[in-house]
Amino acid sequence: MRRYPKINRAHIDANHPHRSTAFDDYYFLLLDPIGERQSVFIDGNQLPKRFSELQPNSIFRIGETGFGTGLTFFLGWLSFLTYAPPSTRLQWVSTEAFPLSRHDLDRALDALPLSDALIKIANQLKEAWPDPVPTCHRRFFADGRIILDLHFNDAEAVFSQLSGSIDAWCLDGFSPDRNPTLWTTELFCHLAKHSHRTTTLSTFTSARLVRDRLTEAGFSVEKVPGYGGKRDRLHAVFAKNPEQHRWVPAKHAGATNRIAIVGAGLAGAWVAQAFAQRGIAVTLFEKDRPASGASGNLQGITYAKLSIEATPNSLIQMQSLAHLRQWFRHFAPDHWQQSGALLLAQDDQARSHQDKLLAALPDGYLQMQSVSRSDASDLAGLSLNHGGLFLPDAGWLNPKGCVSELLTNILIDVKSYQQILHAEHSKDGTLLTIQSAEDLKEHQTFDLVIWTNALEASRFIAMHLPLKPVRGQITQISSVPALRMPICGDAYIAPAANGIMTCGATYAPNSDDLEPRVDDDFTNLEAANSLLQHPAWTAKDILGHRVSLRTATPDYAPIVGQIADPIDWGSRLDGLKNDASFQPTEALPYLDGQYVLAGLGSRGTLTAPITAELVVSQILGEVLPVSEAVRDALAPDRFFRRRLIRGVN
């Protein structure tokens, strides 16, 4: 069974904020911590020179083993903004298996002799410091020019599953004799798999075992003068040809001046926002008006529904839940309420599942807490029939309002009432045939097209995508002012917004009927009342309803990433019909400039932001914010491969 990753908290000396008691070592050279970090890692990897030589609109990716207090990251940030051309971006990918608490981070940074510029940077990290959840925490700084991917997890676990390449490695962590797990041959081999011929590596140690293991992994290693009384340290360059990742899409090789996103629901809005945050302009087409489909509901409950096993779908939900506090904080209060949410266990089976889930989750995971019926009632402000799980980071949002806010960026050109009729691939890009509300047709060519138009995406994609409609009807009911947070069970009830509450939603797979049904309102009302000790609503409390279609997949995971050509892949992957472990002999080709984000299903309000980041990172050559296993499990071609294995044409 796939298990959730575990992490430990750092144990810091009460009398010295820079000393780990668990490893009996210091995070850096105490005499001159800034000078040491600058010399060993920033100058050791020749970062100022390499930053200054970056081509316009390019990205530089740094990998680090052991984030610690973040001091090396601060210096890399400052160097990048000093030397790099203005249109370039920096990505810093770091791991930390023993993250500092917020209190210990404050102590550590406040005790450093930081310049005014570094103090400003340190304060931004303090504000963005993640909760101790074992996942990749993505943070943006410097107006989107700097991305920090901070993995709270073991370095070997992260880098063995990294999806992307690194340009410079900062090999940090406590000394090899104090923390041997950060200096193993296995870890160095994983670093090598994500390096290329100009990838450099620098570290403070000159230990023979480190030098030998780096050499064995394929690095050309040399001793160079150390810093602060150390005679030597190690510098290395990757000396082999980069490993070929046969199943993984490469960075988009062409221009990114003309980007089209088709579909202006939450998925399309988050993709557009992800590009705009990086300073990249996009055109967003919508056949109706933004948020006119499933994203048009007035309320949506945003929470995670995890499996006992750490499936890719559960991991992406856990990661998304950990980002809500940061990524949703800019929404207006009437568009996002981080109120917490309750997941009630309405029978013995549900209670057993919740108990097993809590046992499977990492120790100290506070994002899901068991609560009794009494405690749940106190949290909700109403007398409930059951206890269950309390999710303090969850809440409810107004999807339409959130879409509207996401699309206010001047780099997002929204084309409402513009329907895409046809898409044709050519050497110049993708030619879209567009029909306006006045039935006028025009043709435009784009370098990139990202299909975020739910079920309709299948019309434009040759590779089979088993997207299915799920009809859902929500019911608007009279307000019960006491409800403080959403409660979820066989149905959900959301707190009042503008004097109206929402309950629902029905779930009818493979139905595309948009006509409201009176019976569905009664079903929603009955399910909502079943959550309470004292039924609160009757038929006279029904104020309205709305029907929309969610888009789901057979495995309930979203479809995210670059699209492949089924005819080309069919010939290259014929071996899968006889051997499920078959591997192609060379990297598989993908359709240039064609991407999809669809099938978000019931958890779309939660997972849309991180899946949008996955798509945009894949396009721009960034290291993905998810593991390679998760990328593969969400890839559009996964169903094609499964059909080949099963012998289905």
Side-chain angles (χ1 to χ4, degrees), residues 4-34 36-37 64-78 92 94-141 146 148-155 158 172-174 178-179 182 318-319 321-329 338 340 361-369 390-394:
Y4 290 96
K6 311 286 186 182
I7 57 170
N8 300 288
R9 298 299 293 268
H11 296 284
I12 305 301
D13 190 328
N15 299 313
H16 202 300
H18 301 148
R19 179 178 173 272
S20 164
T21 57
F23 293 98
D24 190 22
D25 202 356
Y26 294 90
Y27 281 98
F28 29 64
L29 182 69
L30 293 181
L31 290 176
D32 186 7
I34 295 173
E36 180 206 29
R37 304 279 106 178
E64 180 185 39
T65 60
F67 187 77
T69 65
L71 181 55
T72 308
F73 169 59
F74 299 165
L75 295 171
W77 174 340
L78 196 58
W92 194 282
S94 188
T95 63
E96 183 52 68
F98 297 85
L100 294 165
S101 67
R102 294 178 190 274
H103 171 71
D104 286 335
L105 179 72
D106 288 347
R107 286 180 62 222
L109 295 180
D110 291 347
L112 284 169
L114 302 179
S115 64
D116 289 345
L118 289 174
I119 288 173
K120 290 180 181 178
I121 291 173
N123 287 339
Q124 291 180 62
L125 180 69
K126 290 179 183 179
E127 185 180 350
W129 191 246
D131 291 325
V133 178
T135 189
C136 171
H137 301 269
R138 174 162 283 191
R139 299 290 187 265
F140 290 88
F141 302 101
I146 294 176
L148 170 64
D149 281 351
L150 180 52
H151 295 257
F152 282 170
N153 202 349
D154 175 75
V158 171
D172 204 353
F174 297 116
R178 305 291 174 90
N179 187 17
L182 275 184
M318 174 184 275
Q319 182 178 20
L321 188 65
H323 280 82
L324 291 183
R325 199 172 297 279
Q326 277 288 318
W327 288 4
F328 283 25
R329 61 180 174 161
Q338 195 157 26
L361 289 170
D363 294 338
Y365 182 69
L366 299 179
Q367 280 64 31
M368 287 189 172
Q369 305 170 20
F390 171 51
L391 281 63
D393 288 343

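In what follows, residues are counted from 1 in the order of the sequence shown.
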* Quick check: does any side chain N or O of Gln326 sit under 3.5 Å from a backbone N or O of His323, one acting as donor and the other as acceptor? -> no
* Name all residues meeting the ring pair (Phe, Tyr, Trp, His ring centres under 6.0 Å) criterion together with His16; count only those two or more places apart in sequence or in a different chain, and write none if there are none. => His18, Tyr26
* With no hydrogens and no angle check, is any side-chain donor or acceptor of Glu96 less than 3.5 Å from a backbone partner on Phe67? -> yes
* Structure fact -> Shortest non-hydrogen pair, Pro17 vs Ala111, comes out as CG-CB, 3.7 Å
* Asked: Which heavy-atom pair separates Asp104 from Ala10 by the least distance, and what is that distance?
  -> OD2-O, 4.4 Å
* Structure fact -> Hits for salt bridge (Lys or Arg N to Asp or Glu O under 4.0 Å) against Arg19, two or more places apart or cross-chain, chain-then-number order -> Asp13, Asp24
* Taking only residues two or more places apart in sequence, or in another chain, which ones meet Arg102 in a salt bridge (Lys or Arg N to Asp or Glu O under 4.0 Å)? -> Asp131
* Going through the distances and angles, do Phe328 and Asp393 end up as a side-chain contact (heavy atoms from CB on, under 4.5 Å)? -> CA-CA 11 Å; Phe328 283 25; Asp393 288 343; over 6 Å; no
* **Pro132 side chain reached by Ile7 side chain, heavy atoms, under 4.5 Å** => yes
* With a 4.5 Å heavy-atom cut-off, do Leu150 and Ser94 have their side chains touching? -> yes
* To do: With sequence neighbours excluded, tell me which residues meet salt bridge (Lys or Arg N to Asp or Glu O under 4.0 Å) with Arg138.
  => Asp149, Glu613, Glu622
* Asked: What distance do Glu127 atom CD and Phe141 atom CZ have between them, rounded to the nearest 0.5 Å?
  -> 9.0 Å
* Asked: Out of curiosity, Arg37 CZ to Asp32 CG, how far, rounded to the nearest 0.5 Å?
  -> 11.0 Å
* List the atom of Leu324, the atom of Ala394, and the distance in Å for their closest heavy-atom pair. => CD1-CA, 4.3 Å
* To the nearest 0.5 Å, how far apart are OG1 in Thr95 and CG in Asp154? -> 7.5 Å
* To do: List the steps, then state whether side-chain contact (heavy atoms from CB on, under 4.5 Å) holds for Leu125 with Leu148.
  => CA-CA 10 Å; Leu125 180 69; Leu148 170 64; 4.0 Å; yes
* To do: Go through the steps for Tyr4 and Met318 under the test side-chain contact (heavy atoms from CB on, under 4.5 Å), then give the verdict.
  => CA-CA 10 Å; Tyr4 290 96; Met318 174 184 275; 3.5 Å; yes
* Structure fact -> Correct closest heavy-atom pair for Leu182 and Gly173 would be CD1-CA, 3.7 Å
* Heavy-atom check, side chain of Phe74 versus side chain of Leu109, under 4.5 Å -> yes
* Asked: Any sub-3.5 Å donor-acceptor pair from Trp92's side-chain atoms to Trp77's backbone N or O?
  -> no
* Asked: Quick one: does Leu114's side chain get under 4.5 Å of Ile34's, heavy atoms only?
  -> yes
* Structure fact -> dist Ser115:OG -> Ile121:CD1 (nearest 0.5 Å) comes out at 7.5 Å
* Asked: Is a side-chain N or O of Lys6 found less than 3.5 angstrom from the main chain of Leu361, in a donor-acceptor match?
  -> yes
* Structure fact -> Residues at least two apart in sequence or cross-chain that pass ring pair (Phe, Tyr, Trp, His ring centres under 6.0 Å) with Phe174, listed by chain then number, are Phe23, Tyr27
* Heavy-atom side-chain proximity of Ile146 to Phe73 below 4.5 angstrom -> yes
* Where Arg139 and Ala128 come nearest, the two heavy atoms and their spacing -> NE-O, 2.7 Å
* To do: Measure across Gly68 and Trp129 and return the closest heavy-atom pair with its distance rounded to 0.1 Å.
  => O-CH2, 4.3 Å
* Structure fact -> dist His103:NE2 -> Arg107:CZ (nearest 0.5 Å) comes out at 5.0 Å
* Structure fact -> By salt bridge (Lys or Arg N to Asp or Glu O under 4.0 Å), Asp110 pairs with (sequence neighbours left out) Lys126
* What do the steps show when you test Thr72 against Asp172 for side-chain contact (heavy atoms from CB on, under 4.5 Å), and what is the final call? -> CA-CA 9 Å; Thr72 308; Asp172 204 353; 4.1 Å; yes
* Any side-chain heavy atom of Pro130 within less than 4.5 Å of one from Phe152? -> yes
* Asp106 side, atom CG; Leu100 side, atom CG - distance, nearest 0.5 Å -> 10.0 Å
